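Order of appearance sets the numbers: ligands from 1, and atoms from 1 within every ligand. Quantities reported herein were computed from a predicted structural model and do not represent experimental measurements.
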Amino acid sequence: MTIDLHTHSTASDGTDRPAELVAKAAAANLSVVAITDHDTTAGWDEALGALPPGLTLVTGAEFSCAYDEPDGTRISLHLLGYLFDPDHDGLRAERARLRVSRLGRGRAIVDNMIADGVPVTWNRVVEIARGGAVGRPHIARVLVENSVVASVDEAFAALLSSRSKYYVPKADSDVFKAIGLVRDAGGIAVFAHPLARRRGAVVGEDVIADMAQAGLQGIEVDHPDHAPDDRARLAVLAGELGLIGTGSSDYHGTNKTIDLGTCTTSRAAYEQLRSLETARQPVTR
Ligand SMILES: [Zn+2]
Ligand SMILES: [Zn+2]
């Protein structure tokens with residue numbers, strides 16, 4: 001049973017249409033796949049409509065959040081919400097706010113690059129996003145197209161990293177507020193890639209403990225951006241805090257070089273998630 005609980009489609013910054021995503025998940029012999037686009041549920045209907053027989057779809061989203069350190073430093077982090085009610089008012093309003101902020105922020109990053117003479121245009125970024133929520137991977141692809149960098153990975157490590165001079169933070173949700181909204185909407189709250197240090201600063205274990213207190217139910221342990229010792233530590237931490245440890249590829253199609261099912265969730269962890277009370281149920285045709 002191969003379970004991958006974190007993937008992106010063209011509804012955000014993946015390159016596969018939701019229908020293609022579920023077809024590829026079936027072709028990759030996954031038993032369960034979750035669609036978790038950034039700040040949107042726009043891909044759910046198409047994925048459900050195209051669901052191949054035998055594949056189980058877990059509907060979800062990945063919320064852009066922030067944690068403010070006592071010294072004022074802001075750390076951005078991602079929260080996965082699964083099986084929540086997409087019509088919950090508070091959650092829907094927050095998703096709309098984040099989508100608008102993403103657009104303005106992508107534009108601001110591109111403007112910073114243009115002002116510095118980097119060959120990139122906003123029109124091309126929007127074209128590549130194909131109507132989805134604009135994200136840094138779209139900008140990265142234009143930078144590759146224009147030979148500024150050799151790969152999307154290189155773009156993220158340099159020009160698009162949160163340490164880059166072009167970086168503009170998003171108006172993200174406070175992570176504790178986001179956990180509350182996901183739970184209120186009948187969803188499961190899982191902290192995505194807690195130790196993905198390549199993307200920027202990460203929060204300490206004390207913050208993860210506070211998040212658990214606030215209603216967090218799981219953390220991603222196995223993720224392509226986690227080093228082996230980080231995975232080991234997160235597995236221990238999950239046990240200490242009573243959190244469910246998940247694993248996933250964070251697949252983005254050809255925007256990243258990671259295949260579906262690269263990291264996976266154990267059957268036992270999946271059963272634990274399924275035993276929680278949720279507004280929606282996983283769907284199998
Ligand atoms: Zn993420
Ligand atoms: Zn993701």
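- A salt bridge links D116 to K165: one of the charged nitrogens lies within less than 4.0 Å of a carboxylate oxygen.
- Here H6 meets the criterion, with an N, O or S atom under 2.8 Å of the Zn ion (ligand 2).
- H88 places a side-chain heavy atom less than 4.5 Å from the side chain of L181.
- As for H78, its N/O/S atom nearest the Zn ion (ligand 1) is the one called ND1.
- H193 and E62 share a donor-acceptor pair across their side chains, judged by distance under 3.5 Å alone.
- Take the N/O/S atoms of D250: the one nearest the Zn ion (ligand 2) is OD1.
- The aromatic rings of Y67 and F176 sit perpendicular to each other, their planes meeting at more than 60°, with 30° as the lower class boundary.
- The aromatic rings of W44 and F84 are tilted relative to each other, their planes meeting at an angle between 30° and 60°.
- Here H8 meets the criterion, with an N, O or S atom under 2.8 Å of the Zn ion (ligand 2).
- Looking only at N/O/S atoms, E62 comes nearest to the Zn ion (ligand 1) through OE2.
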